[in-house]
S.K.: 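Would you mind keeping the following structure in view while I ask a few things?
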Amino acid sequence: MRLFVSEGAPGSLPVLAAARRAQGRAELLISTVGPEECVVPFLTQPKVPVLQLDNGNYLFSTSAICRYFFLLSGWEQDDLTNQWLEWEATELQPALSAALYYLVVQGKKGEDVLGPVRRALTHIDHSLSRRSCPFLAGETESLADIVLWGALYPLLQDPAYLPEELGALHSWFQTVSSQEPCQRAAETVLKQQGVLALRPYLQKQPQPSSLQGRAVSNEPEEEELATLSEEEIAMAVTAWEKGLGNLPPLRPPQNPVYSRLRQWNTLYLCGTDEYGTATETKAMEEGLTPQEICDKYHAIHADIYRWFNISFDIFGRTTTPQQTKITQDIFQRLFSRGFVLQDTVEQLRCEQCARFLADRFVEGVCPFCGYEEARGDQCDKCGKLINATELKKPQCKVCRSCPVVKSSQHLFLDLPKLEKRLEEWLENTLPGSDWTPNARFIIRSWLRDGLKPRCITRDLKWGTPVPLEGFEDKVFYVWFDATIGYLSITANYTDQWERWWKNPEQVSLYQFMAKDNVPFHGLVFPCSALGAEDNYTLVSHLIATEYLNYEDGKFSKSRGVGVFGDMAQDTGIPADIWRFYLLYIRPEGQDSAFSWTDMLLKNNSELLNNLGNFINRAGMFVSKFFGGYVPEMVLTSDDQRLLAHVTLELQHYHQLLEKVRIRDALRSILTISRHGNQYIQVNEPWKRIKGSEADRQRAGTVTGLAVNIAALLSVMLQPYMPTVSATIQAQLQLPPPACGILLTNFLCTLPAGHLIGTVSPLFQKLENDQIESLRQRFGGGQLEESLELKAKVSSKPAVGETVTATGPQQIQVLMDEVTKQGNIVRELKAQKADKNQVAAEVAKLLDLKKQLALAEGKPLETPKGKKKK
Amino acid sequence: MAAAAELTLLEKSLGLSKGNKYSAQGERQIPVLQTNNGPSLTGLTTIAAHLVKQANKEYLLGSTAEEKAIVQQWLEYRVTRVDGHSSKDDIRALLKDLNSYLEDKVYLTGYNFTLADILLYYGLHRFIVDLTVQEKEKYLNVSRWFCHIQHYPGIRQHLSSVVFIKNRLYTNSH
């Protein structure tokens, strides 16, 4: 057989050291080739070292060549060696090639070089000290030692890159390096020039792939074990020993449930926004009064939130006297300061019903094709858009009498006049705040296009009355008063409401919504509040999510595709599991999709096997081995390290939640329990409990620490899974002061001698057939492609979300969009624009109308003139 | 395919009745097996080799020193190259090399079916299903090998069967 090596190729080190093993068993020729020579005929990229076997086949993997030499010497493969070699190939090599590239090619030094490999070095050191064997796979030097030594030697032969504190790694490296075959290999390859001997070779290699893309990412990675400094460990240990009693400084309120955990004074509210055309329409459909409709749906919404365990301080509504009072007050202040304009709008009015008719309350003859049942906004036969006032023989849809064209006075909020104040406020608010990028973007694009006066009144009955002479039969348009709902709901909760809403110095306001609601919360209401000049608390952090899709398509109520708030409880899946999964896929940053299969997977892997398994084991060990009493804990350096890792992850959790990255913080919880599982697995308390006195003490420490981590997790889980959290706390008999507070450090809340309760499993496995039948029941999968529907879903059932009931508002958005698009089409037609261009805009308009019909819960109508009766 | 799912497939193909439980570690979701007698095992190929021994099918790891080394080499290839963040170009380069390697071979070791064939088949499956007819023809030796392995009793299981056309359609491409 023939070995091909190249000058300065690091792979030669282990191969040459291992070759000694094969001496006398096979004839070995060694050839030196250039670093760019392709020795292996089937590989496109040059690769050395390579071993050509006598049968003509090639070994091009350094480890495989070493393994072959060892096999020739009669050595037998074993699991542990396989594991080390796999780790070397998948973990160590990528890190090491990055470090060597920095050191040799880029000439960097110190932490720049050590950084990428520190974790890997620590892993080796831990493994060696844990097994207390001198070598990686046992009592004698073997294949794993040679392969890892060969990989590490170029770096570690410089003492600057062999960290002092890694004692076990240190002595292992010295021992292996002093072996004669290794010494000889080192001399041959490095030629006493140290790592620089590798330069000619490494310079010709492409940049290691592990470096590509790494520099740009400053996202905190979900590291298995982060690197810790001594101080971090020391601080974690000090905090642990102090126990409860060092409360953190108070901070401004944040995300509701979490901020309660931090003992921040928090008010968490939500409500239904009940006024508007949509309510009137729905009431007519169901034969109820608008008030009855609102009562009915408010109760349904409240029930859903209750079932999901969303712990609002108050879940209110906008149809209250407080709403009228506050809305009218804000209006009066705006009016008296000259921020309200009056203008005339032409509209159809039904004299018999004594009201102005919204477009969809009118039918008549199409002015274009003569179709007799054209609607006020569009003809179903020719598909053309109609201005309600252009309809021939218009009819009121309710009483069938003929409406007349009347001009109607309306009030407009003078947004252009308030634009400057808004910009000033945004300049002071946005920098350093937690507004999500999509919210910033939406506001920016509105400002870029310039604000226009917005009509804030409607010819309706169902709404907040306009307190102005001549406007007695008009009400405020929903988007003017809906956001005032938050104030009135607070006023219904406490007469001290102004201490929340007129106190911008002390209150931080967080608002949660789907992105379609951003303009009203981030722009229109702030303008109203700024113009009213009453020191209102304005939104400090506007948190907008993207959309959640269902399986491969969209949620669609009309086609029964998807799970809606009121159906979740019929699935037999507990609310906490829904909360967990919906937050796990919370559309932060980009749209996400709900998937049944994924839900099953996450439940079975993350909840059952990871989190549930850890907490249950920790508790079971206390019950089974220590009679239910938390054992004495004598912390070793390994335990201290674990403490520091948990503390680090806890602080990460805090940082994320303070930035309202709810989905990402959930990952921290799962990471801690993964640490916990590994810790138990490595320390095997179930074995040690049967061993010597020292072993039993060790089992006690491990169990005690594990059960304290379980206690910590129960508190961290509270915002995500309140019922599970309470169950764990009951099982562990967590002392009440520790249940509801989360500190920045991990403390010992279950001291030695604490008696825990009865431990039982927390989660149930979701079965395939169960999920499959749910999938069938709720539809999904393939959707007809002709229906490009955009049923929008706000992440309603999610914890910590202050979402207004978006129904009417969303309809309003769509209605506005339809009007806007209608104008575009009309303009194009007036300009006699290109036919295709017109057709494209008309298609957009039809699509918007479909969405509108959907949002209103109306059956879908095809624009092809199919008659609907 | 998640590593745990793959190992479950492997267990079945080896005829192991008792299903093991796997946890996943870290960002790359490396599988971990908790063995009853001894420390846990980490890593796809490590666990796979362990399962083969458990099933008393050591021959799947190779019978001579050469074969054993070759099997391990391709297992390493599988977890480093196939599982690396593979862009389309990476995959093309990989298939090209593999196609050239398999030119004179029935299996990865030459004449004997081994664990390397199984895991490379599982690892490549997601890429092969997406190949066009023309690409499958371009990597003719890979296609022949892949088709052979997917028909090996008990290996494919629920994975989709990839269709290879026996008559060549693109005679000019070579």
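Letters go in sequence order (proteins before strands), and every chain restarts at 1.
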S.K.: Heavy-atom distance under 4.5 Å to chain B: side chain of A:Gln77, backbone, both or neither?
M.R.: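 Both parts, backbone and side chain.
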S.K.: Determine the minimum heavy-atom distance between A:Ala89 and B:Glu76, stating which atoms define it.
M.R.: CB-CG, 3.7 Å
S.K.: Between B:Ala65 and A:Leu71, which heavy-atom pair has the shortest distance, and what is it?
M.R.: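 Answer, listing the atom of B:Ala65 first, then A:Leu71: O-CD1, 3.6 Å.
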S.K.: How many angstroms lie between atom CZ of A:Phe60 and atom OH of B:Tyr101, to the nearest 0.5 angstrom?
M.R.: 7.5 Å
S.K.: Does any heavy atom of chain B fall under 4.5 Å from the side chain of A:Asn677, the backbone, both, or neither of them?
M.R.: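 Neither part; nothing is under 4.5 Å.
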S.K.: Report, as yes or no, whether the 6.0 Å neighbourhood of atom NZ on B:Lys96 holds more than 12 heavy atoms from other residues, nucleotides or ligands.
M.R.: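 Not more than 12 within 6.0 Å, no.
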S.K.: Report the distance from atom OH of A:Tyr58 to atom CD of B:Gln73, rounding to the nearest 0.5 Å.
M.R.: 12.5 Å
S.K.: With distance as the sole criterion, is a donor-acceptor pair present between the side chains of A:Asn57 and B:Glu66 under 3.5 Å?
M.R.: no
S.K.: What option among B:Leu61, B:Leu44, B:Val32 has the most heavy-atom pairs under 4.5 Å with chain A?
M.R.: B:Leu44
S.K.: Using side-chain heavy atoms (C-beta onward) and a distance below 4.5 Å, is A:Asn82 in contact with B:Leu75?
M.R.: no
S.K.: So which of B:Thr64, B:Thr42, B:Ile30, B:Val79 has the biggest tally of heavy-atom pairs under 4.5 Å with chain A?
M.R.: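 The answer is B:Thr42.
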S.K.: Hydrogens and angles aside, do B:Ser40 and A:Gln681 bring a side-chain donor and acceptor to less than 3.5 Å of each other?
M.R.: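 No, no side-chain donor-acceptor pair sits under 3.5 Å.
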S.K.: For chain B, which candidate among A:Ser61, A:Ala64, A:Ser63 shows the most heavy-atom pairs at distances under 4.5 Å?
M.R.: A:Ser61
S.K.: What closest approach, in Å, do A:Pro41 and B:Ser100 show between heavy atoms, and which atom pair accounts for it?
M.R.: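 Closest heavy-atom pair between A:Pro41 and B:Ser100: O-OG, 4.2 Å.
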S.K.: Looking at A:Leu59, A:Thr81, A:Leu80, which has the largest count of heavy-atom pairs under 4.5 Å with chain B?
M.R.: A:Leu59
S.K.: Checking B:Ser23 against chain A: side chain, backbone, both or neither under 4.5 Å from a heavy atom?
M.R.: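 For B:Ser23, there is no contact with chain A at all, as no heavy atom is under 4.5 Å.
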S.K.: Would you check if A:Gln83 and B:Ile47 make a side-chain contact, meaning some heavy-atom pair closer than 4.5 Å?
M.R.: no
S.K.: Tell me if the NZ atom of B:Lys105 is crowded by more than 12 foreign heavy atoms within 6.0 Å.
M.R.: yes
S.K.: Nearest 0.5 Å, please: how far is OG1 in B:Thr46 from CH2 in A:Trp84?
M.R.: 11.5 Å
S.K.: With a cut-off of 6.0 Å (strictly less than), are more than 12 heavy atoms of other residues, nucleotides or ligands near CG of A:Asn768?
M.R.: no
S.K.: Are the side chain of B:Asp97 and the backbone of A:Thr44 linked by a donor-acceptor contact shorter than 3.5 Å?
M.R.: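 Yes, B:Asp97 side chain to A:Thr44 backbone: donor-acceptor pair under 3.5 Å.
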S.K.: How far does NE2 of A:His675 sit from CD of B:Gln25, to the nearest 0.5 angstrom?
M.R.: 10.0 Å
S.K.: Give, for atom CG of A:Asp79 and atom CD of B:Gln54, the distance between the pair rounded to the nearest 0.5 Å.
M.R.: 9.5 Å
S.K.: Could you state the interatomic distance from NZ (B:Lys21) to OG (A:Ser605), rounded to the nearest 0.5 Å?
M.R.: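 It comes to 12.5 Å.
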S.K.: Do A:Thr90 and B:Thr80 make a side-chain contact, defined as non-hydrogen atoms from C-beta onward lying under 4.5 Å apart?
M.R.: yes
S.K.: Which bit of B:Ala4 comes within less than 4.5 Å of chain A, counting heavy atoms only: side chain, backbone, both or neither?
M.R.: neither
